[in-house]
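Below you'll find the structure, written out as structure tokens, and then a few comments.
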Amino acid sequence: MNVKHPAACLVAAATGLVLTLGYGVSQASAGGPQTAAEKAYEAAAHRAGDARVTVPACSQRDLGVSAVKEPADSTDARHLLLTVQNAGNKKCNVYRYPLVRLGAGRTTAPVIEDSAPTPGGPITLAPGQEAYAALLVNSPMDEYEAKSITLSLQGRQPGSTAGKPIDVPMPVDTLYANDGQRVTYWTTAPGYALDFIMSR
């Protein structure tokens, strides 16, 4: 199911952005040692009496996805806002941060650890609700051309994924990425996510 981010309708119309759900490269791994932010996130998620842990993880079947440039009139497309919207009819959770691969990149974008929201548990999306993550595409270093964005959702357990990878509609024909790329944790406040990348 394809869903547009209401706040970005004008941008989407201008750029010809159409939301799609798709299947891209093989699932990215979220394995490795947990960061302090991830440990705090898991502790909050499993807190006794937290009803959110009984809600299933969102998968590609549940979500509409978009990516827009920030600001909309930027020419270099270094800062992107990723939006997922629950297009299903039941609640689902998004965990930690999206696993984002740009083009043929060897790894997924590292997370900005201090972007973990408070209290750090999963974000529960009711039907129609949205979550956001900000993506820094590059820093001033050698760049490679990326003609695709692939997003994988994390599952409840660290190192797990939920569903299949999603091909995110490109906001421009080509992104110029490098090892300076970074992504934030999911949040329900787009401005909060963007604060972590706009000054970089």
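Nothing here was measured: the structure is a model prediction, and the numbers come from that model.
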* **Heavy-atom closest contact (Asn86 atom, Pro127 atom, distance)** => ND2-N, 3.6 Å
* **Nearest heavy-atom neighbours spanning Pro98 and Thr184** => CD-O, 3.6 Å
* Asked: Can you hop from Tyr176 to Met198 via hydrophobic side chains spaced under 4.5 Å?
  -> no
* Structure fact -> Rounding to 0.5 Å, atoms OG (Ser199) and CG (Leu194) come to a distance of 11.0 Å
* Asked: How many angstroms lie between atom OG of Ser66 and atom CD of Glu130, to the nearest 0.5 angstrom?
  -> 7.5 Å
* side chain to side chain contact (heavy atoms under 4.5 Å, CB included) between Val55 and Lys90, intermediate numbers included -> CA-CA 9 Å; Val55 176; Lys90 296 181 179 179; over 6 Å; no
* **Rounded distance [0.5 Å steps], CZ in Arg200 versus OG in Ser139** => 10.0 Å
* Which atom pair, heavy atoms only, marks the closest approach of Trp186 to Tyr95? -> CD1-O, 3.6 Å
* Specify the closest pair of heavy atoms between Val172 and Ala77, including all atoms of both residues, with the distance to one decimal. => CG2-CB, 4.0 Å
* To do: Quick one: pull up NE2 in His79 and CZ in Phe196 and give me the separation to the nearest 0.5 Å.
  => 14.0 Å
* **Min side-chain heavy-atom separation Leu153-Leu63 under 4.5 Å** => yes
* Asked: Are side-chain heavy atoms of Gln154 and Tyr97 found at a separation under 4.5 Å?
  -> yes
* Are side-chain heavy atoms of Pro171 and Leu80 found at a separation under 4.5 Å? -> yes
* Is atom CG of Asp179 surrounded by more than 12 heavy atoms (other residues, nucleotides or ligands) closer than 6.0 Å? -> no
* Asked: Given side chains that start at C-beta, do those of Ile197 and Leu135 come closer than 4.5 Å, heavy atoms only?
  -> no
* Taking atom CG of Leu136 and atom CG of Asn178, what is their separation to the nearest 0.5 Å? -> 8.5 Å
* Looking only at side chains, do Lys69 and Ser74 share a donor and an acceptor under 3.5 Å apart? -> no
* **Verdict with supporting geometry, Thr108 and Val100, side chain to side chain contact (heavy atoms under 4.5 Å, CB included)** => CA-CA 5 Å; Thr108 57; Val100 179; 5.7 Å; no
* Check whether any side-chain heavy atom of Leu125 lies under 4.5 Å from a side-chain heavy atom of Val94, and answer yes or no. => yes
* **Where Ala67 and Pro169 come nearest, the two heavy atoms and their spacing** => CB-O, 3.9 Å
* To do: Please tell me if the side chains of Leu102 and Leu175 come closer than 4.5 Å, counting only heavy atoms from C-beta onward.
  => yes
* Asked: Hey, does the side chain of Arg78 reach the backbone of Asn138 with a donor-acceptor pair shorter than 3.5 angstrom?
  -> yes
* To do: Report the distance from atom NZ of Lys164 to atom CG of Asp167, rounding to the nearest 0.5 Å.
  => 12.0 Å
* With a 4.5 Å limit on heavy-atom distance, are the side chains of Ile166 and Val65 in contact? -> yes
* For Ile149 and Met170, run side chain to side chain contact (heavy atoms under 4.5 Å, CB included): C-alpha distance rounded to whole Å, both residues' side-chain angles, the deciding distance at 0.1 Å, then the answer. => CA-CA 7 Å; Ile149 303 172; Met170 291 282 285; 3.6 Å; yes
* side chain to side chain contact (heavy atoms under 4.5 Å, CB included) assessment of Gln181 paired with Val137 -> CA-CA 5 Å; Gln181 62 190 260; Val137 174; 5.7 Å; no
* Asked: Looking only at heavy atoms, which two atoms of Tyr132 and Thr188 are closest? And how far apart?
  -> CE1-O, 3.4 Å
